[in-house]
Amino acid sequence: MSIQQTDVLYTAVATAENGRDGRVATDDGRLDVVVNPPKEMGGSGEGTNPEQLFAAGYSACFQGALGVVARQAAADISGSTVTAKVGIGKNDDGFGLIVEISAHLPGVDTETAKELLEKAHQVCPYSKATRGNITVTLV
């Protein structure tokens, strides 16, 4: 279900200069990075790239969602980590993305961890935004 503008609690603002081979900065100056295509795509690979930025945002958001569902389930996920791998490749329309989400939950058994990941995937805003648009695999 979509939210309305009146429901927005926070809006992030970032501006890119020169696309994938330039600079991206937020309006508050907290993020200001050089972006370059990775070497695998013919770039210099010297700066970060949109896929790394998306992976960073997705992993952080998913970790937050995991915390919410873990609290609801009274599961201790202390010391946990979430890793997002974002791949880019050619598709019929030019390029597309694929994501793999993995989590390390040291204090949780395998079955509980799987259930928590599935539940987090249902509530994470990034997961909701990508659902039906790109392949996201939980491992």
Side-chain angles (χ1 to χ4, degrees):
M1 177 181 223
S2 298
I3 66 170
Q4 302 300 313
Q5 188 62 38
T6 55
D7 299 322
V8 173
L9 300 174
Y10 168 75
T11 300
V13 179
T15 302
E17 298 172 6
N18 208 34
R20 297 180 68 89
D21 202 3
R23 175 179 165 260
V24 175
T26 56
D27 64 335
D28 62 5
R30 292 178 188 233
L31 179 72
D32 190 339
V33 294
V34 172
V35 289
N36 300 114
K39 289 182 180 181
E40 296 84 349
M41 294 179 67
S44 70
E46 292 178 9
T48 189
N49 59 65
E51 292 69 42
Q52 288 176 326
L53 296 169
F54 186 63
Y58 203 160
S59 63
C61 188
F62 199 95
Q63 177 82 39
L66 188 59
V68 168
V69 299
R71 281 190 296 282
Q72 292 171 345
D76 182 5
I77 62 164
S78 300
S80 66
T81 59
V82 171
T83 301
K85 296 180 180 179
V86 176
I88 184 170
K90 292 185 178 184
N91 66 11
D92 295 340
D93 298 1
F95 287 89
L97 300 176
I98 189 168
V99 176
E100 179 182 289
I101 303 275
S102 61
H104 174 67
L105 306 172
V108 178
D109 65 84
T110 304
E111 187 60 33
T112 301
K114 183 177 178 180
E115 290 173 14
L116 291 173
L117 286 177
E118 289 291 340
K119 288 179 181 176
H121 190 45
Q122 295 308 308
V123 300
C124 173
Y126 275 61
S127 292
K128 288 179 181 181
T130 59
R131 191 167 291 121
N133 297 309
I134 65 173
T135 300
V136 177
T137 306
L138 305 178
V139 293

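Here the structure is a predicted model, which is why all the values come from computation and not from measurement.
- A side-chain donor-acceptor contact under 3.5 Å links Ser80 and Gln63.
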Using the rule given for side-chain contact (heavy atoms from CB on, under 4.5 Å), can you reason through Thr137 versus Val99, listing the C-alpha separation, both sets of side-chain angles and the distance that settles it, and then say yes or no? CA-CA 6 Å; Thr137 306; Val99 176; over 6 Å; no
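- Across all their heavy atoms, Asn49 and Asn36 have their closest contact at CB-O, 3.5 Å.
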Could you check Asp109 against Thr112 for side-chain hydrogen bond (donor to acceptor under 3.5 Å, both in side chains), going step by step and ending with a plain yes or no? CA-CA 5 Å; Asp109 65 84; Thr112 301; 2.8 Å; yes
Run the side-chain contact (heavy atoms from CB on, under 4.5 Å) check on Ile134 and Ile98 step by step: do they pass? CA-CA 6 Å; Ile134 65 173; Ile98 189 168; over 6 Å; no
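- Between Cys61 and Cys124 the shortest heavy-atom distance is SG-SG, 3.5 Å.
- The side-chain hydrogen bond (donor to acceptor under 3.5 Å, both in side chains) check on Asp93 picks up nothing, with sequence neighbours excluded.
- Pairs of residues two or more places apart, or lying in two chains, that qualify as ring pair (Phe, Tyr, Trp, His ring centres under 6.0 Å) and include a residue from residues 107-136 are Phe54-Tyr126, Tyr58-Tyr126.
- A salt bridge does not link Lys39 to Glu46: none of the charged side-chain nitrogens sits closer than 4.0 Å to a carboxylate oxygen.
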Hey, mind stepping through Glu118 and Leu138 against side-chain contact (heavy atoms from CB on, under 4.5 Å) and telling me if it holds? CA-CA 8 Å; Glu118 289 291 340; Leu138 305 178; 3.8 Å; yes
side-chain contact (heavy atoms from CB on, under 4.5 Å) between Val82 and Ile101: does it pass, once the steps are laid out? CA-CA 7 Å; Val82 171; Ile101 303 275; 4.0 Å; yes
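- With rounding to the nearest 0.5 angstrom, the CG atom of Leu66 is 11.5 Å from the NZ atom of Lys119.
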